[in-house]
Amino acid sequence: MSLVGQDSKGKIVERFARHVSSGKAEFFSRFGVDFVFGRREGVHVWDTDGQRRLIDCHSNGGVFNLGHRHPRIVAALRRALDELDIGNHHFMSEARALLAERLTALCPRDLKRVVFGVSGGEAVDTAIKLARGHTGRPKVISAYGGYHGHTGLALAAGDEQYRKPFEPLSPGFVQVPFGDLAALEAAMDHDTAAAIFETIPATMGIVLPPESFFAGVRQLCDRFGVVMIIDEVQTGLGRCGEVWGINTYSVVPDILVTAKGLSGGIYPITATIYRDPLDRFLHDNPFIHISTCGGAEVGCHVALEVLNVLSEDGFLDHVRRMADLFRDGLGQLQARHPDVLVEVRQRGLMMGLKLASAAYGPLMTRAGFQFGLLTIYANNDQSVNQLLPPLIIQPDEVQQVLESLDRMLAWLRNRLRLPAAGRGQNHVA
Ligand SMILES: Cc1ncc(COP(=O)(O)O)c(C=O)c1O
């Protein structure tokens, strides 16, 4: 019997509201979206009642970089389940050793060591713990409006709205505007353990930093002996057209955090990858950080297959080709809807559509459900719709996404009763 759609949608929603999250159920009902994930395959997800099919342009921030239920990833988990289980995190492990070797082979220079985890927040916590342990200093600098997860230290580094209700949090966290080197320099001192930034902050609204920003961060970190942490939870594993988003800025951090996509969308696993010179602290304290299910052995084999797919000849070329198609198409859309779509932000397939008002992002998300797209507004800047299609998307599907976006933007304009600017120009299709 299928695991999907056993009950009516109404019954699922009612049960979810009663036992999982009444708040979410209420929010989505108010929002006018009653989508319940049912069948899923490749770039598509279906509503549980089978009535609606969407192209997933959210990809859960990169979890579905390889689309939904990629056959090779599913097969890797099945194979692993024939022989392995989670394993025992206290002991040495063949699977963890193998994955760490493969993962670090994809990293520049001496990013050669790995601590595994289950969630991205946990992996960020580990990075900050390591930076503090390594330097013996307390202070951590991050960006206003950034997002690194909801766990302890990651939460303290993120946007105020998520951490305020839980104060007092760990002290020593200060924030600067993203991309502002002068502010970073003013904040940095010899009490600073780490500076942590997302390569392209997604929740902030897919904000592209000035091209020289990360080289400047690297220089400042070197000058003050500060650990440079780069959060690649969304930008990593091919999203920006290179294995790591930070590679596109030709900078090597001291710690690189990867999560979401490493799971292949199938088995949660995350990694905090760090440079050799930082190893002394964990070498001397090998049991100071523990994660029972971090680096679960079956998950290691899933992640290995993710890396196999990513490393195949032509995979990153494909990402770059699809990015070019989007660049052209989104440029045309901006020309057709200039009063609504005011800016296209893009690095590879990490894309954001900046709309003319913060009220438009949620409306676009809603329109997506009507016109066949899953795309979600950025929570810390709701004027931006995040556009992160699976990296395996094909040219005809890119075209479908662009056509849907065209309809969504037209719907938005119609709803807002804006004059039909751009009429007479070429249709994006
Ligand atoms: C940039 C970034 N860092 C960290 C996290 C936290 O990951 P997780 O939800 O797996 O804890 C997220 C999650 O969305 C993220 O986008």
Side-chain angles (χ1 to χ4, degrees), residues 56-66 106-108 120 143 145-148 177-181 196-218 228-253 256-262 310 315-334 341-355 361 375-378 380-381 383-393 395 398 401-402 405:
D56 187 352
C57 280
H58 179 240
S59 294
N60 211 349
V63 170
F64 300 111
N65 275 348
L66 301 185
L106 292 172
C107 291
Y147 183 71
H148 301 285
F178 181 67
D180 185 340
L181 275 179
I196 176 167
F197 297 108
E198 296 157 81
T199 307
I200 297 168
T203 311
M204 196 189 286
I206 318 286
V207 179
L208 302 176
E211 281 299 317
S212 60
F213 176 64
F214 286 115
V217 175
R218 180 69 275 174
M228 178 175 175
I229 304 173
I230 288 297
D231 180 337
E232 286 270 336
V233 170
Q234 296 220 21
T235 47
L237 301 168
R239 170 63 52 191
C240 299
E242 298 284 346
V243 175
W244 308 112
I246 194 69
N247 292 358
T248 69
Y249 293 95
S250 304
V251 169
V252 182
L256 185 153
V257 176
T258 181
K260 295 189 187 271
L262 196 60
L310 171 69
F315 184 88
L316 292 174
D317 283 342
H318 172 80
V319 174
R320 292 189 279 259
R321 267 204 319 280
M322 296 308 105
D324 287 345
L325 293 181
F326 270 110
R327 183 168 294 105
D328 291 349
L330 292 174
Q332 290 178 40
L333 283 182
Q334 198 185 347
L341 176 54
V342 296
E343 186 189 340
V344 175
R345 299 172 176 173
Q346 181 178 14
R347 202 148 186 114
L349 289 179
M350 183 88 187
M351 298 176 285
L353 306 181
K354 170 87 177 161
L355 307 169
T375 157
I376 300 188
Y377 57 89
N380 296 352
D381 178 357
S383 67
V384 177
N385 261 82
Q386 302 168 329
L387 193 63
L388 279 76
L391 307 182
I392 55 152
I393 194 166
V398 172
V401 171
L402 292 168
L405 285 171

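Computed from heavy atoms alone, side chains included, the values below leave out hydrogens, waters and symmetry copies. Note that the coordinates shown come from a computational prediction; the quantities given were computed from them, not determined experimentally.
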Residues Leu310, Leu316; criterion side chain to side chain contact (heavy atoms under 4.5 Å, CB included); working and verdict: CA-CA 7 Å; Leu310 171 69; Leu316 292 174; 4.1 Å; yes

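- A salt bridge between Glu242 and Arg320 is present, with a side-chain N of the basic residue lying under 4.0 Å from a carboxylate O of the acidic one.
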Given Arg347 and Glu211, is the salt bridge (Lys or Arg N to Asp or Glu O under 4.0 Å) satisfied, shown in steps? CA-CA 12 Å; Arg347 202 148 186 114; Glu211 281 299 317; 2.8 Å; yes

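- Within the model, atoms CG of Asp328 and CG of Leu333 stand 11.0 Å from one another, a figure rounded to the nearest 0.5 Å.
- Salt bridge status for Arg327 with Asp324: present, with a side-chain N to carboxylate O gap under 4.0 Å.
- Using a 4.5 Å cut-off on side-chain heavy atoms (C-beta onward), Pro209 and Phe178 make contact.
- Of the inter-residue distances, the one linking Thr375 atom OG1 with Leu405 atom CG reads 7.0 Å to the nearest 0.5 angstrom.
- Contact check for Met350 versus Gln234: side-chain heavy atoms found under the 4.5 Å cut-off.
- Scanning all heavy atoms of the two residues, the minimum distance from Met204 to Ala143 falls at CE-CB, 4.0 Å.
- Between the side chain of Asp231 and the backbone N or O of Val233, at least one donor-acceptor pair lies under 3.5 Å.
- Nearest heavy atom pair, residue Gln334 against residue Leu341, reads CG-O, 3.2 Å.
- Looking at heavy atoms from C-beta onward, Trp244 lies in side-chain contact with Leu237 at the 4.5 angstrom threshold.
- In this structure a side-chain-to-backbone donor-acceptor pair under 3.5 Å is missing from Gln386 to Met351.
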May I have the step-by-step check of side chain to side chain donor-acceptor pair (under 3.5 Å) for Asn380 and Thr203, ending in yes or no? CA-CA 6 Å; Asn380 296 352; Thr203 311; 5.3 Å; no

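- Although no hydrogens or angles enter the test, the distance criterion places no donor-acceptor pair under 3.5 Å between the side chain of His148 and the main chain of Phe197.
- Annotation for Ala202 and Ala378: closest pair O-CB, 3.7 Å, computed over non-hydrogen atoms.
- Here SG of Cys57 is found 13.5 Å from CZ of Phe64. Values are rounded to the nearest 0.5 Å.
- Side-chain contact between Thr235 and Glu198 is absent, with no heavy-atom pair separated by less than 4.5 Å.
- In this structure, the separation between CG on Leu325 and CG on Leu402 is 8.0 Å, given to the nearest 0.5 Å.
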CA sep, side-chain torsions, deciding dist, call: Arg345, Val207, side chain to side chain contact (heavy atoms under 4.5 Å, CB included): CA-CA 7 Å; Arg345 299 172 176 173; Val207 179; 4.0 Å; yes

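- Between Val319 and Arg239 the shortest heavy-atom distance is CG1-O, 4.2 Å.
- The distance from the NE2 atom of His58 to the OH atom of Tyr377 is 10.5 Å, given to the nearest 0.5 Å.
- Using a 4.5 Å cut-off on side-chain heavy atoms (C-beta onward), Val217 and Val251 make no contact.
- Without hydrogens or angle criteria, Ser59 side chain to Asn65 main chain gives no donor-acceptor distance under 3.5 Å.
- Taking the centre and axis of the six-membered ring of Phe213, the NZ or CZ atom of Arg218 falls outside the cone set by 45° and 6.0 Å.
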Could you please spell out the steps behind the side chain to side chain contact (heavy atoms under 4.5 Å, CB included) verdict for Leu349 and Leu387? CA-CA 8 Å; Leu349 289 179; Leu387 193 63; over 6 Å; no

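- Side-chain contact check for Phe214 versus Met228: some heavy-atom pair is nearer than 4.5 Å.
- You'll find the side chain of Val384 stays beyond 4.5 Å of the side chain of Leu355, heavy atoms only.
- Across every non-hydrogen atom of Asp56 and Pro390, the tightest pair is O-CD, 2.9 Å.
- The side-chain heavy atoms of Val344 and Lys354, taken from C-beta on, include no pair separated by under 4.5 Å.
- Pairing each heavy atom of Ala323 with each of Gly348, the nearest pair is CB-O, 3.4 Å.
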Side chain to side chain contact (heavy atoms under 4.5 Å, CB included) between Cys240 and Thr199: does it pass, once the steps are laid out? CA-CA 10 Å; Cys240 299; Thr199 307; 5.8 Å; no

